[in-house]
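Note on naming: letters A, B, ... go to the chains in the order of the sequence lines (proteins, then strands), and numbering restarts at 1 for each one.
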Number of protein chains: 2
Amino acid sequence: MVTIADVAKAAGVSVATVSRVMNHSSLVAEPTAKVVREAIERLSYVPNQQARNLRRNESKTVLVLLPNITNPYYANVFDGINERAQALGYTLFLCSTERQDPEALLKETIEYKRADGAILMHIDRDERWLQKYSDRFPIVQCCEYAAPCDTAHVSVDNYRAGYEATSYLVGLGRRKVGIISSANRMMSTLQRMRGYQDALSDAGISLEDRYIACSDESYSYMSSLQAARELLSQPDRPDALFCISDAIALAAVVVAGELGISVPEEVSVVGFDDVIYTQMIHPYLSTMIQPCLALGERAIDMLDQLIAGHPLENRNVVLPHGFIARESTCPLREDA
Amino acid sequence: MVTIADVAKAAGVSVATVSRVMNHSSLVAEPTAKVVREAIERLSYVPNQQARNLRRNESKTVLVLLPNITNPYYANVFDGINERAQALGYTLFLCSTERQDPEALLKETIEYKRADGAILMHIDRDERWLQKYSDRFPIVQCCEYAAPCDTAHVSVDNYRAGYEATSYLVGLGRRKVGIISSANRMMSTLQRMRGYQDALSDAGISLEDRYIACSDESYSYMSSLQAARELLSQPDRPDALFCISDAIALAAVVVAGELGISVPEEVSVVGFDDVIYTQMIHPYLSTMIQPCLALGERAIDMLDQLIAGHPLENRNVVLPHGFIARESTCPLREDA
DNA sequence: AAGACGAATGAAAAGGATTACATATCATGG
DNA sequence: CCATGATATGTAATCCTTTTCATTCGTCTT
């Protein structure tokens with residue numbers, strides 16, 4: 001294993017100079033730097049990360065907290081985090097919030113300096129505990145955020161996305177637009193619901209409680225089926241459904257099938273996220289697209305800034321969403 | 001930050017003794033050890049992992065190579081690895097083999113001591129390059145393995161699983177059993193195919209080339225649809241389909257729907273893996289169950305042994321698979 | 001009773017990089 | 001021509017733990 005001392009000897013300089021060259025210090029003369037770079041190249045020297053970590057008192061590790069890596073949505077965002085993390089030299093420490101308490105995890109991480117920072121992908125909108133951690137430790141919230149805390153975050157504009165999805169359905173001529181939301185307390189859930197409500201009001205359509213249903217906290221498929229059955233088995237059922245996740249939308253399509261209701265003609269369905277589910281069965285799902293990879297990449301970029309001690313130019317980043325119409329939506333035929 | 005020196009002072013012993021207590025060395029008298037443990041407890045001392053890594057020349061990091069974390073199958077196995085890894089004190093460095101060459105990655109990892117070992121989840125059955133790395137670096141293959149190398153591995157018995165899936169379909173009275181395999185060169189693919197072939201031979205059924213189709217290397221959904229169409233649109237089509245992954249099976253079900261062929265009556269379908277796809281649409285998929293979590297857990301356990309320098313009692317671990325009949329299979333009705 | 005041995009503990013080196021501080025060199029201004 | 005300051009480089013301390021080697025002390029052997 002070639003060390004910095006070997007390079008120093010080969011280049012005829014001191015270890016300090018080699019270190020300075022490695023770290024792009026401006027305090028070293030160009031001719032010297034050149035000699036050092038050549039020696040580094042020749043010996044194919046790579047600094048020992050452990051030694052560097054010890055000296056700099058960092059770990060080059062980032063804690064990532066998400067409910068479940070098995071969920072394609074989180075997996076996609078995580079993929080984005082991971083890709084950039086590699087480029088930035090970080091190793092990720094992934095913890096499932098389904099198995100462990102996020103606050104305890106964060107506390108331990110900070111106390112024992114296990115990570116240089118953390119990315120939080122799941123938090124309830126009204127949590128307050130996060131503040132005291134983000135005050136003294138680099139933390140970025142990704143996709144969700146807690147309103148009472150000023151912890152940095154990156155997400156899409158869930159209100160607008162919800163508004164647009166609903167407006168799209170209204171624009172298809174559908175006036176009995178239902179929503180399948182979730183019983184959780186996440187910010188995205190609330191905002192999508194508000195977008196839905198406002199879009200209907202603005203279109204002069206009154207809200208109907210019987211067109212609103214909820215799946216359980218984790219959008220489980222089973223509970224989504226349940227919720228969809230509730231809405232679709234009514235006599236005066238919705239003719240459109242805005243589902244706040246693709247898994248829910250898929251469940252809605254399946255239930256419609258069971259009940260002999262045609263999708264998209266009798267009921268049009270819009271999902272959310274644009275994960276792989278959307279194109280697994282016909283009708284392929286029309287859905288609001290979240291830029292999962294970009295959300296993850298941006299989160300780790302922001303965290304990297306925080307770790308470096310640079311203030312963020314923008315602590316509340318909003319990334320653009322999209323919409324794609326596939327097979328699960330169509331204009332309402334008046335003669336139906 | 002409390003260091004080992006603080007503990008030593010508090011306990012009135014030397015740092016060496018504290019270190020020995022921490023590492024369960026037998027060379028320390030019980031009364032002394034007790035005093036030290038109390039001091040550790042009182043100061044809530046936790047050793048600095050960076051310093052330990054440097055001194056021991058290890059990183060407590062494991063490289064995990066898999067094609068795509070977005071694929072639920074790999075995500076499940078990874079979940080198992082991750083859970084045990086945490087308990088064992090490892091951080092995982094996840095790399096996608098779709099974006100990077102596994103050999104180059106392994107080479108770099110070893111050269112620069114970036115990880116203490118590696119878990120490989122994707123390798124072609126006839127690769128030889130792995131041997132020279134596993135000779136000098138702890139490596140465990142998980143789910144797949146290269147036959148020419150004696151690198152340790154853990155997997156299910158894919159031959160038996162393939163045999164059993166096929167036999168099950170034959171047992172339902174179906175004699176025109178097709179298979180949708182993959183164009184890849186993985187060991188599991190070959191073995192499942194062999195199991196299929198032998199099960200048919202043993203049942204006295206001759207192999208028909210026209211009942212065999214392949215999706216592309218990565219079992220992509222689109223290519224699976226293609227393969228299913230190929231098989232099911234023939235005049236004398238199969239009355240059962242063994243699909244070597246659940247995604248393929250789902251595609252088969254969708255294609256059958258398109259073609260107006262009833263599942264499970266006219267064609268029964270068996271999948272493989274038992275991932276979430278199996279219960280997303282009706283008919284829920286009958287499938288061969290892989291113990292994904294257990295595969296991952298075992299892989300990291302084996303690797304931990306290797307890293308510790310202990311020889312493995314069993315270098316080729318086979319974990320039990322299972323089978324679950326859901327809605328996509330039923331006995332063939334003779335009057336059909 | 002002296003020497004040998006084993007057990008328990010301590011002192012200090014080692015691991016490899018960063019960095020505070022010291023020093024050397026050179027140019028500039030008075 | 002010397003003092004001053006800037007620039008470039010070197011020396012050595014530092015980060016914290018593990019581990020080698022040395023030392024101490026008590027016990028056993030002969």
Side-chain angles (χ1 to χ4, degrees), chain A residues 1-40 43-61 89 91 111-116 307-309, chain B residues 1-40 43-61 89 110-116 307-309:
Chain A
M1 187 102 288
V2 32
T3 74
I4 197 172
D6 300 326
V7 177
K9 196 182 299 176
V13 299
S14 74
V15 294
T17 301
V18 177
S19 177
R20 283 191 270 259
V21 172
M22 294 292 303
N23 295 290
H24 307 108
S25 162
S26 54
L27 297 153
V28 46
E30 182 48 31
T32 316
K34 187 153 174 289
V35 173
V36 171
R37 278 195 299 269
E38 282 166 3
I40 289 173
L43 304 180
S44 58
Y45 163 73
V46 171
N48 179 311
Q49 188 66 45
Q50 272 70 44
R52 176 177 282 177
N53 285 346
L54 172 61
R55 181 58 231 239
R56 289 198 182 152
N57 192 28
E58 58 187 24
S59 63
K60 275 292 172 181
T61 294
T91 300
E111 264 176 23
Y112 302 150
K113 276 232 161 54
R114 261 199 243 301
D116 299 336
I307 290 173
Chain B
M1 189 100 292
V2 32
T3 74
I4 196 171
D6 300 327
V7 177
K9 196 182 298 176
V13 300
S14 73
V15 293
T17 300
V18 178
S19 177
R20 283 191 269 260
V21 172
M22 295 291 304
N23 296 288
H24 306 108
S25 162
S26 53
L27 296 152
V28 44
E30 182 46 31
T32 316
K34 186 151 176 289
V35 173
V36 172
R37 277 195 300 268
E38 280 165 5
I40 288 173
L43 304 180
S44 58
Y45 163 72
V46 172
N48 179 310
Q49 188 65 46
Q50 272 70 43
R52 177 176 282 176
N53 285 345
L54 172 61
R55 180 60 231 233
R56 290 197 180 153
N57 192 27
E58 58 187 24
S59 63
K60 275 290 172 184
T61 295
I110 298 175
E111 263 176 24
Y112 302 149
K113 277 231 160 57
R114 260 200 244 299
D116 298 337
I307 291 173

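To the nearest 0.5 Å, atoms CD (B/Gln50) and CG (B/Leu54) are separated by 10.0 Å. The OG atom of B/Ser19 lies 7.5 Å from the CZ atom of B/Arg52; values are rounded to the nearest 0.5 Å. Separating the OH atom in A/Tyr45 from the OG1 atom in A/Thr3 is a distance of 7.0 Å, to the nearest 0.5 Å. Between A/Leu43 atom CG and A/Glu38 atom CD the span is 11.5 Å, to the nearest 0.5 Å. Note: A/Ile4 CD1 to A/Ile40 CD1 = 8.0 Å, rounded to the nearest 0.5 Å. Atoms CG and NZ, on B/Asn53 and B/Lys60 in that order, are 8.5 Å from each other to the nearest 0.5 Å.
Evaluation of the side chain to side chain contact (heavy atoms under 4.5 Å, CB included) rule for B/Ile307 yields B/Val62, B/Tyr90, B/Asp116, B/Pro138, B/Leu303 as partners, not counting sequence neighbours.
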Output one line per pair: protein atom, nucleotide atom from nucleotides 4-7 of chain D, and distance, for all N/O pairs under 3.5 Å.
none

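Between the CD atom of A/Glu58 and the P atom of D/dC15 there is a distance of 16 Å, rounded to whole Å. One atom, CG of A/Asn53, and another, C1' of D/dC16, lie 13 Å apart when rounded to the nearest Å. In this structure, A/Glu30 places its CD atom 11 Å from P of D/dA8, rounding to the nearest Å. Whole-Å rounding puts the B/Lys9 NZ to C/dA11 P distance at 13 Å. Distance CG (B/Asn57) to P (C/dA13): 21 Å, rounded to an integer number of Å.
Across B/Asn23, B/Val36, B/Val21, a single residue satisfies side-chain contact (heavy atoms from CB on, under 4.5 Å) together with B/Val28, and that is B/Val21.
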Exercise for review: Using a 4.0 Å heavy-atom cut-off, write out nucleotides 17-28 of chain C from 5' to 3' as B (base contacted by protein), S (sugar-phosphate only) or - (no contact).
Suggested key: BBB---------
